[in-house]
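Note sheet for the following structure.
Note on naming: letters A, B, ... go to the chains in the order of the sequence lines (proteins, then strands), and numbering restarts at 1 for each one. All values below were derived from every heavy atom in this structure, side-chain atoms included, with hydrogens, water molecules and symmetry-related copies excluded.
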Amino acid sequence: MAVITYLDAISQGLRDEMRRDENVIVLGEDIAVFGGAFKVTRGFLEEFGADRVIDTPISESGFTGAACGAAVEGLRPVVEFQFADFIACAFDQIVNYAAKNYYRWGIPMPVVFRGPSGGGFRGGPYHSQNPEAWFTHVPGLKVVQPATPYDAKGLLVAAIRDNNPVIYLEHKHLYRRIKEEVPEDDYVVPIGVAEVKREGSDLTIVTYGAMVHESLAVAERLSREGAECEVVDLRSLSPLDRDAFLTSVRKTGRALVVHEAHLTGGFGGEVAAIIAEQAFDALDAPVTRVAALDVPSPFAAQLEDAMLPTEEKIYTAARDVLEY
Amino acid sequence: MAVITYLDAISQGLRDEMRRDENVIVLGEDIAVFGGAFKVTRGFLEEFGADRVIDTPISESGFTGAACGAAVEGLRPVVEFQFADFIACAFDQIVNYAAKNYYRWGIPMPVVFRGPSGGGFRGGPYHSQNPEAWFTHVPGLKVVQPATPYDAKGLLVAAIRDNNPVIYLEHKHLYRRIKEEVPEDDYVVPIGVAEVKREGSDLTIVTYGAMVHESLAVAERLSREGAECEVVDLRSLSPLDRDAFLTSVRKTGRALVVHEAHLTGGFGGEVAAIIAEQAFDALDAPVTRVAALDVPSPFAAQLEDAMLPTEEKIYTAARDVLEY
Amino acid sequence: MATENPASFLDPALDRTSIAPESAIDRDQLVTWYRTMCLARTCDEKLGALYRQGKIVGAVYLAVGQEAICTGVVSLLQPDDYFSTVARGLAGWFLRGVEPKHVIARWLGRDVPPSHGRELGLFLADIEHHGIAPYHNGSMASWIPSGAGFALAFKVRKQPRVYVAFTGDGATSPGDFYEGLNFAAIHKLPLVVIVENNCFAYSTGNAAQMPVENVADRAPAFNIPAEVAFGNDIFEVRRVAKRAIDHARAGNGPYLVEFKTFRTRGHGEHDDMGYVDAGLREFWERRDPLRLFREYLAGAGGLGEAGVKAIDDECAASIEDAVAWAEAQPAPAPETVTDRLFAP
Amino acid sequence: MATENPASFLDPALDRTSIAPESAIDRDQLVTWYRTMCLARTCDEKLGALYRQGKIVGAVYLAVGQEAICTGVVSLLQPDDYFSTVARGLAGWFLRGVEPKHVIARWLGRDVPPSHGRELGLFLADIEHHGIAPYHNGSMASWIPSGAGFALAFKVRKQPRVYVAFTGDGATSPGDFYEGLNFAAIHKLPLVVIVENNCFAYSTGNAAQMPVENVADRAPAFNIPAEVAFGNDIFEVRRVAKRAIDHARAGNGPYLVEFKTFRTRGHGEHDDMGYVDAGLREFWERRDPLRLFREYLAGAGGLGEAGVKAIDDECAASIEDAVAWAEAQPAPAPETVTDRLFAP
Ligand SMILES: Cc1ncc(C[n+]2csc(CCOP(=O)(O)OP(=O)(O)O)c2C)c(N)n1
Ligand SMILES: Cc1ncc(C[n+]2csc(CCOP(=O)(O)OP(=O)(O)O)c2C)c(N)n1
Ligand SMILES: [Mg+2]
Ligand SMILES: [Mg+2]
């Protein structure tokens, strides 16, 4: 098993599926000749040809709709948004066509929307957003957000094989920073199954995406201080593995919910609400959330750091919950 | 004071503002010659002329963007989406232009987006949606949702006078069903201020929009059974009047959150999470939510009724919380 | 109003009140098409009545006056071609074998396939049985990108199939119309766009929708061929649509045909059409497609008045039967509401 | 690649390496324009260096090779006209009085107005001081609808002002381009669209973006006039843009001008332009707008080699000063992050 980056794991999963199944095609801006803004599809055009690796004009709604139609006809398109921010331009096709089609007609639509998302690298207001909460509120969509190379590959393969539209949010700031051993062969990480990334008995941190890493760092720090955190990585937001975090919270009695998206209306509210309702009797402290401030992502480092949830903020909140 | 419908209250507020301020213009599909799909702007073309009452082509993104630009230049456009469902087509302009403009440049953009929303009248998947949660997660937008004619007029006037983009969601199913006395003259209902629509000591129902009426009906029914519910109508979701419902929950010790939008990822999660965190010590029962099922809005009456939160479902949930 | 002088957009040769095929057409074919159009008209009128009786709730949208277009176009398709309609495509469905009783049952919200009460009767997708593709019929023009996607699949698989997207004039204003056609034109996909320009998008006349006289005038933006034709003459519809379909099937890319037509009912039955000029209405009523076809069939077409009347009667009876069947169908069970959200 | 034979889209008369105004132009004017272009070039090159030094984080986007377009166009505007740029409009800003030091400070994320560290240096809106309108520069083409909105406000208020929306070729593909221009054309709004067709949208050549040879070929869809011109000759730019601006100001509605040009750097400085054919690069390098203008000025323009060099040196010095100033500016205070979310 080779140690590869999160980015390479995504590439590998996608390339392998394209080799296995000729129905898989990829489309998006600058993904063919250029190999993608982040080079996820580097070499794909050469290997799979222009029929299966399509450079589109800048027209997110148009190519999303086209992918949806092609999916109904049996192709398995994987759409790359150059930045997840631009998924807003394809919003209607996703929430009103892709999401509702099967419920209305019983006709499957196997399409994957890849959204390079998240901040932390000074991308400013239009290259840093975390759009998951727009989609977790839309019945009929699956939404996944891997934190590690292993999960990135396994969830992408699962998404491509799924017969439903899947929003696959890959965090740009993890692309080259995060590496691990990833099996070269075929495996899936099932959609809808969370993973306990670290066990602990004192506090449950429910998180996903980039914040898994900050949360694990906080857990290590707290462990040195004598408190053991259990870190539950949701991986899939929709469908949601409620049991995974409820079981954990029932064990620890304390819950901290962490994500990089804005606090208000974020998916953490949903998770916190479920814990508060379903694990009420088990709670020894209020369910607390750590998330980005409710302002657009600013460009300057000092401002972006102030806006994003950081290890420090998670640590402070965790301490508060532990000491409640 | 005349008794008027919710629909007429909206018309009146809009007409009055257009009379008072010549910068107010309206645009949307079929709003001029036809007076609007729901006749909110009936007679406006005749009174204010084609420069201020503009029938647009079907191009939500285009006329939304145009309204935003005109707003920066000092007009105060009120955009009508024929159905709130189609706001998805203008999503990018709203969340990425309107919402972020002031934060980025300090230049105000006074624009109102009217979205006739909600179900209950067999409109099917594309004419019944409640999109508020997409927007409450976007910093820079104000989001209001009136339940009564008085609030409908007062919030619309406030929205038009506000120097920020405001999403104004009016519930179609209230249009002609709900009537009350509404002052003919100029008043505003301030954005960001909730209202206790009914006082009570045993249970707090936090709700907004159409569900205010179902909640009040449940409160009456429970009152006959000996339990007094306090019904807090949020009216504004963003900014959110946290104190209003936290004060109430601290008094009653029990909270039920009710909205017509889908449960998962709905704004109720945010409200429940806030209560669970901020009023933890006051809670005698888990914070519970009642909302629509997580499926697209079906057309058939039997299915739509099964999908929507009903008086019966609210009643059952309220009883459970009271008896916890 | 752009439409005040409707004759201006009709070629004088087309502005006529009698129609005929160019070459001999099988009698059975003629009868099939006439029956289809008549059935659609009868069904639509019945739907209007059911709405007024309060049996259809919400709203109802009829295609009265536009039947020749989809009948003519769909009559040219191969069984494995796909098409999608918007609100005025009943005749096209019938020609593909959809039964009126199912349509009515769906308008009544009954538990019949494929949507089991979830969708309005207005919309239909049933690839398996009828080659009617699922499209997103909420937002106008959203079916142009998806139509391009189906056509892309045909092309990638080297199948000589076409996708026909019917669309209203109003639905040519959204960005999706542009983005979808752009994609189809770049890749030379077999997408045929049939614009049913009935002078209005809801209440909004052509002039308030677009700065050009015809939708077809926009075709240069996509470098594709386009034509404008009279849409109430089924033979003219077939003549023009054939060029479009042949072009697309041969791998030459998309083709747009704009048929000028008119809906003689409101946008929906709640709409009294107060925005329509009397002259325009009258102009088009004289050119009612069913009447034109009927006159031809009863006369030169050789069916005789009695032959045509027999079809009319048969349609009336079959719609009555269809209503009876539809009303007898069960409503969907409430507990099915959460079924079938995700495909296995 | 559509762009393999670049000469094909240039009128032979424009495919030239020496330029001159049609009629006499004030020496001061010429110097102002040259200085503006030179300042922009020098600033861009400095920005590239700061990026390579790691002082500008993330990415940096330069306008090298396109300076004649915005200089020429903006030189024609009235003070109360508005314009918006996308990624390659530095010279236009400078001509309107924006100072390089502010631009550099903003690229460095410093606490300077109007965005106080919130926006990339790439984007600028400052109506009050420079008539540069705030547009939504995240999503391509979103500025065409908003540009139409500004123009609508001008029209409603009967002001003889115009809005100029600069846009790339790639940004003519999104639906917003169509919806916005459609709206502007219907209402005959004073919107001038200046397409800087630099052959690529990021790495994607024109042929993969559009089924027509020129963006201007799409103008019939909007029933508006459009022209294609050589964008590296400031005099040609002014000649053509003047027609567009006069047309719009006179109330005749929108006008589109497509300037053919080239960016001689990558999409951003991280991009090595591996997708660009050597011949194309060379073709355009010979037509570098600054070089063309410089040759004219040093020769027929009457400034002499020394006169031009003095300007070059002055620009170099002033950019050095600007960097020093910018680096000395404070970073925004973290606690300001939540300020100014809502307007009072
Ligand atoms: C994006 C969007 N906006 C608004 C609507 C509401 N709407 C439904 S039909 C219609 C008019 C359509 O006109 P046209 O395309 O000409 O079709 P016709 O009804 O004339 O057949 C409108 C505005 C919609 N469905 N989608
Ligand atoms: C809707 C949208 N999709 C994708 C992007 C990412 N993006 C930024 S610039 C660019 C290319 C723009 O090309 P063009 O308009 O030709 O301008 P140029 O960079 O050549 O000046 C792309 C794809 C975007 N900003 N907006
Ligand atoms: Mg129409
Ligand atoms: Mg370009």
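Taken from CE in Met140(C) to CZ in Phe86(B), the straight-line distance is 6.5 Å, to the nearest 0.5 Å. Between the CD1 atom in Ile58(B) and the CZ atom in Phe177(C) there is a gap of 12.0 Å [rounded to 0.5 Å].
Glu304(B) does not touch chain C: none of its heavy atoms, backbone or side chain, sits under 4.5 Å away. Residue His116(C) touches chain B through its backbone alone, counting heavy-atom pairs closer than 4.5 Å. Within the 4.5 angstrom heavy-atom criterion, atoms from both the backbone and the side chain of Asn137(C) approach chain B. Using a 4.5 Å cut-off between heavy atoms, Leu303(B) touches chain C through backbone and side chain atoms alike. No part of Ala32(B) comes within reach of chain C, as not one of its non-hydrogen atoms sits under 4.5 angstrom from that chain. Using a 4.5 Å cut-off between heavy atoms, Ala333(C) touches chain B through its backbone atoms (N, CA, C, O) alone. Neither the backbone nor the side chain of Asp305(B) comes within contact range of chain C; no heavy atom of the residue lies under 4.5 Å from a heavy atom of that chain. For Asp55(B), the parts sitting under 4.5 Å from any heavy atom of chain C are the backbone and the side chain alike.
Of all the heavy atoms in Ala300(B) and Pro332(C), the pair that sits closest is CB-CG, 3.7 Å. In terms of heavy-atom proximity, Ser59(B) sits nearest to Ser173(C) at CB-O, 4.1 Å. The shortest non-hydrogen separation linking Thr338(C) to Val295(B) is CA-CG1, 4.0 Å. Taking both residues in full, the closest heavy atoms of Tyr126(B) and Glu119(C) are given as CE1-OE2, 3.8 Å, listed atom of the first, atom of the second, then distance. Nearest heavy-atom pair, Thr56(B) versus Thr204(C), reported as atom, atom and distance to 0.1 Å: O-CG2, 4.4 Å. Among all heavy-atom pairs drawn from Leu120(C) and Gly123(B), the shortest one is CD1-O, 3.5 Å.
Of the listed residues Gly121(C), Gly138(C), Ala331(C), the one with more heavy-atom pairs under 4.5 angstrom with chain B than any other is Gly138(C). Interface check for chain B: of the options Glu335(C), Gln209(C), Arg110(C), the most heavy-atom pairs under 4.5 Å are formed by Gln209(C). Each of Ser139(C), Ser203(C), Ser142(C) has some count of heavy-atom pairs under 4.5 Å with chain B, and the biggest count is that of Ser203(C). Your options are Pro125(B), Cys89(B), Ala301(B), Ala88(B), and the one with the most heavy-atom pairs under 4.5 Å with chain C is Pro125(B).
The environment of CD in Glu47(B) is crowded: more than 12 heavy-atom neighbours from other residues, nucleotides or ligands sit within 6.0 Å. At most 12 non-hydrogen atoms from other residues, nucleotides or ligands lie less than 6.0 angstrom from CZ of Arg42(B). Crowding of Lys313(B) atom NZ: a count of heavy atoms from other residues, nucleotides or ligands under 6.0 Å exceeding 12.
Under the 30°/60° scheme for interplanar angles, the aromatic rings of Tyr202(C) and Phe34(B) are found to be tilted.
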